[in-house]
Amino acid sequence: MTGLDLQMAQKVLAGQPFSALVGARITAFGDGAATLEIDSREELRQQNGFLHGGVLAYAADNALTFAAGTTLGPAVLTGGFSIQYLRPATGATLVARAEVVHTGRRQAVARCDLSVVGQDGAETLCAVAQGTVLSATSS
């Protein structure tokens, strides 16, 4: 265990100016998983009215990294990730749920499902991502 909890994760996220800009929040954190949410708003949409792919990529990146932080500790960096967009993201809230698949001594691999929640509460999967997160501590 890393000694981290949801409250600490929320403080770390609040310290990221870009996360504040997009209005991200962590709603679950621990045991190899993390959930990040972003409410949809006009400034986050592209020309066709869908959430911009960059917003989905940001959410995947941060959710993957926070999930890996539950197993590697708080000093982590994204080593790389890929994202596959399945359908346009339309809905009231974007939800990125990441889960660690494997943790080694210095890196973790995680996957993330990105869904949008409609006004009716129904969730629609719109993208999936997978990434490698590296420990930033030297040992």
Side-chain angles (χ1 to χ4, degrees):
M1 290 307 278
T2 62
L4 300 175
D5 60 14
L6 179 59
Q7 186 177 13
M8 180 59 73
Q10 290 169 333
K11 287 180 183 178
V12 170
L13 186 69
Q16 299 176 354
F18 188 76
S19 294
L21 180 69
V22 298
R25 61 189 177 275
I26 290 185
T27 58
F29 177 85
D31 297 326
T35 300
L36 188 97
E37 297 183 4
I38 301 171
D39 291 331
S40 180
R41 61 182 201 274
E42 190 61 34
E43 298 84 7
L44 302 179
R45 295 188 185 114
Q46 45 87 295
Q47 71 278 6
N48 295 312
F50 310 130
L51 278 175
H52 193 282
V55 175
L56 276 71
Y58 155 80
D61 179 15
N62 244 12
L64 290 164
T65 304
F66 271 97
T70 70
T71 63
L72 290 173
V76 291
L77 298 168
T78 303
F81 75 97
S82 64
I83 187 167
Q84 302 299 312
Y85 300 101
L86 306 175
R87 64 182 47 86
T90 58
T93 304
L94 174 66
V95 179
R97 290 185 184 92
E99 182 177 4
V100 173
V101 176
H102 173 77
T103 298
R105 285 189 2 214
R106 301 176 66 129
Q107 72 178 15
V109 175
R111 64 165 283 134
C112 181
D113 289 340
L114 296 107
S115 300
V116 284
V117 181
Q119 296 292 350
D120 61 358
E123 285 195 32
T124 303
L125 184 67
C126 56
V128 293
Q130 179 174 301
T132 301
V133 179
L134 308 172
S135 173
T137 60
S138 57
S139 56

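A quick note: this is a predicted structure, and the numbers were derived from the prediction, not measured.
For the atom pair CZ (R41) and OG1 (T93), the distance works out to 12.0 Å, reported to the nearest 0.5 Å. Separation of atoms CZ (F18) and CG (L13) is listed at 11.5 Å; rounding is to 0.5 Å. If you take CG on L72 and OG1 on T103, they are separated by 5.5 Å, rounding to the nearest 0.5 Å. Between the CD atom of Q47 and the NE2 atom of H52 there is a distance of 7.5 Å, given to the nearest 0.5 Å.
Residue pairs meeting the salt bridge (Lys or Arg N to Asp or Glu O under 4.0 Å) criterion with at least one member in residues 79-99, sequence neighbours excluded, are R97-E123.
Counting heavy atoms of neighbouring residues, nucleotides and ligands inside a 6.0 Å radius, atom CD of Q119 does not exceed 12 of them.
Side-chain N or O atoms of S40 include none that pairs as donor or acceptor with a backbone N or O of A92 at under 3.5 Å. Between the side chain of R25 and the backbone N or O of Q10, no donor-acceptor pair lies under 3.5 Å. A donor-acceptor pair is defined here as one N or O able to donate and one able to accept, closer than 3.5 Å; such a pair exists between the side chain of Q46 and the backbone of N48.
Side-chain contact of T27 with T35: a donor-acceptor pair under 3.5 Å is absent, judged by distance alone.
Two different hydrophobic clusters hold F50 and Y85 under the rule that ILVMFWY side chains link at heavy-atom gaps under 4.5 Å. At a threshold of 4.5 Å between side-chain heavy atoms, the hydrophobic network of Ile, Leu, Val, Met, Phe, Trp and Tyr places V22 and V116 in one connected group. A continuous path of Ile, Leu, Val, Met, Phe, Trp and Tyr side chains, each step under 4.5 Å between heavy atoms, connects L64 with V12, placing both in one hydrophobic cluster. V109 and I83 end up in different hydrophobic clusters when Ile, Leu, Val, Met, Phe, Trp and Tyr side chains are linked at under 4.5 Å. Under a hydrophobic clustering in which Ile, Leu, Val, Met, Phe, Trp and Tyr are joined whenever their side-chain heavy atoms come within less than 4.5 Å, directly or via other members, M8 and I26 fall into the same cluster.
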Carefully, step by step, assess F81 and T65 under the rule side-chain contact (heavy atoms from CB on, under 4.5 Å). CA-CA 10 Å; F81 75 97; T65 304; over 6 Å; no
Apply side-chain contact (heavy atoms from CB on, under 4.5 Å) to residues Q16 and N62 and explain how you reach the verdict. CA-CA 11 Å; Q16 299 176 354; N62 244 12; 2.9 Å; yes
Inset, instruction - Under the side-chain contact (heavy atoms from CB on, under 4.5 Å) rule, what do L94 and L44 come out as? Steps first, then yes or no, please. - result: CA-CA 11 Å; L94 174 66; L44 302 179; over 6 Å; no
Check against side-chain contact (heavy atoms from CB on, under 4.5 Å), S115 and L125
CA-CA 4 Å; S115 300; L125 184 67; 3.9 Å; yes
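C126 has its side chain within reach of L56: a pair of non-hydrogen atoms, C-beta onward, lies under 4.5 Å apart. In this structure, the side chains of Y58 and L36 come closer than 4.5 Å at one or more pairs of heavy atoms.
Closest approach of A108 and V100 over heavy atoms only: CB-CG1, 4.4 Å. Taking both residues in full, the closest heavy atoms of L114 and A59 are given as CD2-CB, 3.9 Å, listed atom of the first, atom of the second, then distance.
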